[in-house]
Amino acid sequence: MRLFSRGRSLFLCLSTCIGLSVAASPKLAFTNVRSTTKLADETRNSTTNNVQYFEVTLGNTASQNSTSAWLTTPHTVEIISGQVSTVIPGQIKRLAAGQSTRILVGVQNSNSVGRGTAGTAKAVLKDATGTVVTTSASFNVTAGIPVYTSSSSSLGQHESPSWYDNAKFGIFVHWGVYAVPAYALVGKQYAEWYWWDMTYPNNKSSPTWTYHQNTYGKNVKYDDFIQNFTASNFQAKDLVDLFAASGAKYFVQVSKHHDGFAIFDTKNTSNRNSVQMGPKRDLLKEILDAAKQYHPELRRGTYFSLPEWFHPDYTPYKIRFPCTYGSLGKLPDGTTGLTCAGWSGGPAPDPFDTTQTWPYTGYVKSPTNYIVDVQGPQMEMLMNQYETEILWCDIGGANEMSSIAPAWFNNVTNQGRSVLINNRCGLSTYDITTPEYTTYAATTVKKWESNEGLDPFSYGYNAQTQPSQYKTPTQVIHSLVDITSKNGNYLLDIGPKADGTVAQPMVDTLTSVGDWLAQAGPAIYNTQYWAYNSSEGANLRFTTTTNAFYIISFAYPDPTNGIVITSPIPIVKGDTVKLLGGSGAAIPWTGASGSVTLKPPKAESDLVQYAWAFQVNYQ
Ligand SMILES: *[C@@H]1O[C@H](CO)[C@@H](O)[C@H](O)[C@H]1NC(C)=O
Ligand SMILES: *[C@@H]1O[C@H](CO)[C@@H](O)[C@H](O)[C@H]1NC(C)=O
Ligand SMILES: *[C@@H]1O[C@H](CO)[C@@H](O)[C@H](O)[C@H]1NC(C)=O
Ligand SMILES: *[C@@H]1O[C@H](CO)[C@@H](O)[C@H](O)[C@H]1NC(C)=O
Ligand SMILES: *[C@@H]1O[C@H](CO)[C@@H](O)[C@H](O)[C@H]1NC(C)=O
Ligand SMILES: *[C@@H]1O[C@H](CO)[C@@H](O)[C@H](O)[C@H]1NC(C)=O
Ligand SMILES: *[C@@H]1O[C@H](CO)[C@@H](O)[C@H](O)[C@H]1NC(C)=O
Ligand SMILES: *[C@@H]1O[C@H](CO)[C@@H](O)[C@H](O)[C@H]1NC(C)=O
């Protein structure tokens, strides 16, 4: 606690030199008041629809570490404004000296104040008796969710919904024609890239090209796999039951990947879909309907690839990316130089005879162009007919999102709903960033989501992957905890087989993760990151809520020395600690913030697997 040493010696001198016992007190001040575009619609049938969240930042600038300088009793935060009134006061129970926190306050526009009206607001902190402790300066705010327009300054106001911020864990599903060959170099290439990887390069330096020739022969075309994409054992209820069993709070189903084969009804934009061919079923609708019916608590998202590798009408929009993209490097279709043609548009060259091309089954010629006839209408189908709550775009490139997105945002806002877009929709603004098969090393305040497969390096099912190579429950849980502690969400992918079943190792892992979350969920869901992780190293992570603080240990607690926490955690005498998933007994602890030791009895620690989540309940 070097931070406080100067204040402490002054304090010690005052009390010892003058002989007085001077009780320190908190120095509380608001540093920011911000209107968000988040709705407080935590549940779909909540009565709070259209309540807007304001976010206030409260700091405690008291300069020494006696807990008498902490906020340790329940306080509320209200907004004072000519344009809005408070309907859900913010709550705070604990704020250590030298720390600050963000608090959400639900407000509604005053009578006759229209949505998106500019105004001013102050925040007021009150103690349990209703006495005002401090009032903020006046800040400029926007009262109500604004009506979105196509300008980037307007679209840039859109934020991740609060339901998404709170959800933390989602399941990603890559399921399409690529599940038929289900092949990639394990740990190196994505199986859903089969078609591309057999085309570039089209020689024996491509494992996929070689595999295809040896397994199917040169005369089997990619589209010949469509008939074997049967979904013959697929029951959507099984899939959504698995999502729920994993403890996920949302899912993102791939609706169309780069091969252009959609698993939804693309109407007159294309016949290249599972309704016209293969299973002859609207698989996306089945999944969304099953989720609505059996697990209405799950939020329903869809992935959509903006380009199609080999769509004949995509050619004018050719996207290039560095040749080093991907683990092996995606090689050019004859292009040399620093960039390679990535999404080049069709027709697809025959990888075994470059004088020929392969068919693009189900292609419908665009009357105008790919963007207005195919891409835009299909995205609107996901938004409006399929009512997706997450539009998880991929690749970006040419698009008409700046006209589609505001219409969608306004439509759902009018319905009291809120939706999410990621940073791959081709817009300069977005709600989240999406690190892929990686994560961020530190807390990132702009909301983010890390995505990866249970497979060592594939989203689509790879039949080459051995059961022992999939991620274990311990790996998944540690990633989820680490990401949550840094303000991220974790989108974990599975790839079903062509018949619609999910490989047993993936089912087993998801079920174990769900078992852990059923006990330790309070340390994950609805938490906020805590920004004062000064020194804890590899094995401890922290999350926080209004009423409790969470310490999550990746290591089995040392039965002799316990768990020593040197970060300035907000614990005071009288707080009780329990192990989530334990017996419920109070866990002994000693020391004070900056040097706390938790001493869980071995019998308690033995009740838990994978990660040990301790709940510090504020007295
Ligand atoms: C909706 O309200 C009903 C009745 O109060 C409740 O049983 C149900 O759990 C709620 N659903 C959601 C998604 O919150
Ligand atoms: C400050 O914290 C340290 C470490 O926990 C403790 O030893 C010391 O007594 C505290 N000082 C005051 C003034 O509370
Ligand atoms: C707040 O809004 C007023 C009126 O539009 C403007 O003059 C002022 O500069 C704004 N203040 C800040 C801090 O943006
Ligand atoms: C395969 O094709 C790529 C791209 O055309 C080329 O760079 C490479 O040398 C070829 N490799 C073999 C083994 O022919
Ligand atoms: C399709 O499935 C049949 C029956 O299992 C098999 O004989 C054939 O090789 C498969 N073809 C392709 C292209 O997957
Ligand atoms: C599909 O139908 C809509 C209206 O029904 C029409 O505007 C659009 O041009 C059609 N698209 C194609 C590709 O024919
Ligand atoms: C608004 O969304 C609903 C579905 O929630 C859809 O039926 C309707 O067509 C949409 N309206 C517009 C104008 O897109
Ligand atoms: C906490 O600090 C450790 C050590 O510097 C680091 O490995 C870890 O990622 C940090 N956690 C967060 C949530 O920032």
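Here the structure is a predicted model, which is why all the values come from computation and not from measurement. Counting begins at 1 with the first residue of the sequence. Just follow the structure's listing: the first ligand is 1, and inside any ligand the first atom is 1.
Classified by interplanar angle (parallel below 30°, tilted 30° to 60°, perpendicular above 60°), the ring pair F225/H212 is perpendicular. Ring geometry, H311 versus Y363: the interplanar angle exceeds 60°, so the pair is classed perpendicular (tilted spans 30 to 60°). Using cut-offs of 30° and 60° for the angle between ring planes, the Y314 and Y317 rings count as tilted.
If you number the atoms of ligand 5 from 1 as listed, the ones under 4.0 Å from a heavy atom of V180 come out as 14 (O). For ligand 5, the atoms closer than 4.0 angstrom to any heavy atom of V220 are 13 (C).
Here the heavy atom of the protein found nearest to atom 11 (N) of ligand 3 is N140 ND2, 2.8 Å. Of the protein's non-hydrogen atoms, the one nearest atom 12 (C) of ligand 5 is N228 ND2, 3.2 Å.
Heavy atoms of P367 approach ligand 6 to within less than 4.0 angstrom.
Checked for salt-bridge contact, E286 and R281 meet the test: a charged N lies under 4.0 Å from a carboxylate O. Under 4.0 Å is where a charged nitrogen must lie from a carboxylate oxygen, and between D223 and R272 at least one such pair does.
Screening H257, K256, H174, Q253 for a side-chain hydrogen bond (donor to acceptor under 3.5 Å, both in side chains) involving Y303 leaves a single residue, H257.
For a threshold of 3.5 Å applied to N or O pairs, the pair formed by T269 and ligand 6 contains no separation below that value.
The nearest protein heavy atom to atom 2 (O) of ligand 5 is closer than 4.0 Å. Taking a distance limit of 4.0 Å, we find that atom 9 (O) of ligand 3 is approached by no protein heavy atom. Atom 14 (O) of ligand 5 is flagged as protein-proximal [any protein heavy atom, distance under 4.0 Å]. Less than 4.0 angstrom separates atom 5 (O) of ligand 5 from none of the non-hydrogen atoms of the protein.
In this structure, a donor-acceptor pair under 3.5 Å is absent between the side chains of N50 and R417.
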